[in-house]
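Notes follow the structure.
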Amino acid sequence: MEGTPLLEAKGLKKVFEGPNGRMTAVDGVHFQINTGECYGLIGESGSGKSTVAHMIAGLLDATEGEIAFDSKRLPGKACREGFRLRRQMQMIFQNPLSSFSPKMTLLYSICEGLRYRFSLSRHDMEQRAYEMMDMVGLKREYARRYCGELSGGECQRAAIARAVISRPKLLICDESTSALDVSVQAQIMGLLARLKKELGLSYLFISHDIALVGSISDKLAVMKDGRIVEEGAPERVIWNPGHPYTSSLVKSANL
């Protein structure tokens, strides 16, 4: 049901141990994403936003704090229950090409989103993949091509098709348009906005571009040095920032 909590992060903290000692990448982060909502998380490189995404996706274990998804506590990445729950979330990365196998055709790559989640015949999986290609604006004649033969925008459309083919509840978009030129970026943002409506998706949208995130988000949070320093409606955060760091991001974006 739209407006009900889908994901809740409470007191998230991540400390990395290295040769130069301990480094706190995320320090006491709290936020909530409701069903059907796009939650934008912005900040400069090193602010901790991608680390937050990786903890939610189960790629990293949190040092402290809790994550709840669909009213159920998400355990660590090695737990079977955590793996089952995280099947309902998918991640789209900054460089889509690096997330595809160079030995797989586009059709086979998109089918990977179904292979370990549903008991479907090869024919049914391929039919679903063709439907997804139609939905994201990829020509069916590309099905037998390899992802390395596609443009950056086409490859990102394929990554989106692979992510949504299993009908997840949450998409985590980690700088998913920053490697694209401005015109293609606008097309992908339009596609994500349309899929949000058509499929009832919720998003955690991560970027360093405050104007870009503000254009799609229902709620906007600003991260600095591992903490959320400001959160609110995009219009309020952008046009009436309450933190000096947010003001500097707005100024640098020439808004």
Side-chain angles (χ1 to χ4, degrees), residues 38 50 53-54 56-60 77-78 80 82-207 212 216:
C38 178
S50 289
H54 290 173
I56 290 168
L59 302 177
L60 289 172
K77 60 182 181 179
R80 180 176 295 182
F83 178 75
R84 186 187 68 79
L85 287 170
R86 285 186 170 95
R87 285 180 173 180
Q88 300 178 68
M89 57 177 78
Q90 293 292 314
M91 197 161 183
I92 303 172
F93 297 93
Q94 178 176 355
N95 184 353
L97 185 58
S98 65
S99 70
F100 286 103
S101 169
K103 298 180 180 179
M104 287 186 184
T105 63
L106 179 61
L107 184 68
Y108 193 88
S109 295
I110 294 173
C111 284
E112 282 294 284
L114 290 172
R115 197 168 305 280
Y116 305 108
R117 292 172 173 81
F118 303 98
S119 298
L120 298 174
S121 68
R122 178 174 178 175
H123 176 267
D124 288 344
M125 283 195 292
E126 289 185 355
Q127 285 303 115
R128 288 275 292 274
Y130 279 123
E131 290 169 8
M132 288 300 104
M133 289 178 67
D134 293 341
M135 182 171 281
V136 302
L138 283 172
K139 298 177 182 178
R140 291 194 175 198
E141 64 196 59
Y142 288 4
R144 303 301 172 185
R145 293 187 184 182
Y146 294 90
C147 290
E149 300 176 282
L150 306 181
S151 69
E154 290 167 342
C155 199
Q156 195 60 289
R157 287 176 186 270
I160 293 169
R162 181 181 59 185
V164 301
I165 194 170
S166 62
R167 293 293 196 270
K169 293 183 178 181
L170 177 70
L171 272 190
I172 302 171
C173 304
D174 189 9
E175 297 281 6
S176 54
T177 61
S178 62
L180 307 174
D181 65 44
V182 175
S183 61
V184 177
Q185 191 178 79
Q187 293 171 17
I188 296 298
M189 293 298 290
L191 171 62
L192 289 170
R194 178 169 60 80
L195 292 177
K196 178 175 176 286
K197 282 186 177 182
E198 292 181 2
L199 302 179
L201 292 168
S202 304
Y203 291 155
L204 172 58
F205 199 96
I206 294 168
S207 178
L212 183 76
I216 195 174

Original post:
Can Met89 and Leu171 be said to form a side chain to side chain contact (heavy atoms under 4.5 Å, CB included), step by step?
Top reply: CA-CA 6 Å; Met89 57 177 78; Leu171 272 190; over 6 Å; no
Let me have the donor-acceptor pairs involving side chains of residues 129-138, under 3.5 Å, with sequence neighbours excluded, atom names and distances please.
unit_1: Asp134; atom_1: OD1; unit_2: Arg140; atom_2: NE; d: 3.1
unit_1: Asp134; atom_1: OD2; unit_2: Arg140; atom_2: NE; d: 3.2
unit_1: Asp134; atom_1: OD2; unit_2: Arg140; atom_2: NH2; d: 2.6

**OP:** Starting at CD1 of Ile172, measure out to OG of Ser202 and round the result to the nearest 0.5 Å.
**Re:** 11.5 Å
Subject >> Shortest non-hydrogen separation from Ser207 to Leu212 and the atoms involved >> reply: OG-CD2, 4.1 Å
Subject >> Which residues share a side chain to side chain contact (heavy atoms under 4.5 Å, CB included) with Ser98, sequence neighbours left out >> reply: Asn95
Original post:
Taking atom SG of Cys173 and atom CD1 of Ile160, what is their separation to the nearest 0.5 Å?
Top reply: 7.0 Å
Subject >> Arg162 charged N/C atom sitting above Phe100 aromatic ring, 6.0 Å / 45° >> reply: yes
Subject >> Inter-residue atom distance Cys38.SG - Leu170.CG, 0.5 Å rounding >> reply: 10.0 Å
Subject >> Derivation and outcome, side chain to side chain contact (heavy atoms under 4.5 Å, CB included), residues Glu175 and Phe205 >> reply: CA-CA 8 Å; Glu175 297 281 6; Phe205 199 96; over 6 Å; no
Subject >> Distance (rounded to the nearest 0.5 Å) between Leu97 CG and Cys155 SG >> reply: 5.0 Å
**OP:** Give the intermediate values and the outcome of side chain to side chain contact (heavy atoms under 4.5 Å, CB included) for residues Gln90 and Val164.
**Re:** CA-CA 8 Å; Gln90 293 292 314; Val164 301; over 6 Å; no
**OP:** Inspect the contact between Arg194 and Glu198 and indicate whether a charged nitrogen and a carboxylate oxygen are less than 4.0 angstrom apart.
**Re:** yes
Subject >> Residue among Ile92, Leu192, Thr177, Val184 satisfying side-chain contact (heavy atoms from CB on, under 4.5 Å) with Gln156 >> reply: Ile92
Subject >> From CG (Leu106) to CZ (Arg145), nearest 0.5 Å >> reply: 9.5 Å
Original post:
Heavy-atom distance under 4.5 Å between the side chains of Gln88 and Pro168, does that happen here?
Top reply: no
**OP:** Kindly indicate, with the supporting measurements, whether the criterion side chain to side chain contact (heavy atoms under 4.5 Å, CB included) is fulfilled by Asp174 and Met91.
**Re:** CA-CA 7 Å; Asp174 189 9; Met91 197 161 183; 3.9 Å; yes
Subject >> Gap separating the CE atom of Met104 from the CD1 atom of Ile110, nearest 0.5 angstrom >> reply: 12.0 Å
Original post:
Does some side-chain heavy atom of Arg128 sit less than 4.5 Å from a side-chain heavy atom of Leu114?
Top reply: yes
Original post:
Between Gly153 and Ile188, which heavy-atom pair has the shortest distance, and what is it?
Top reply: O-CD1, 3.9 Å
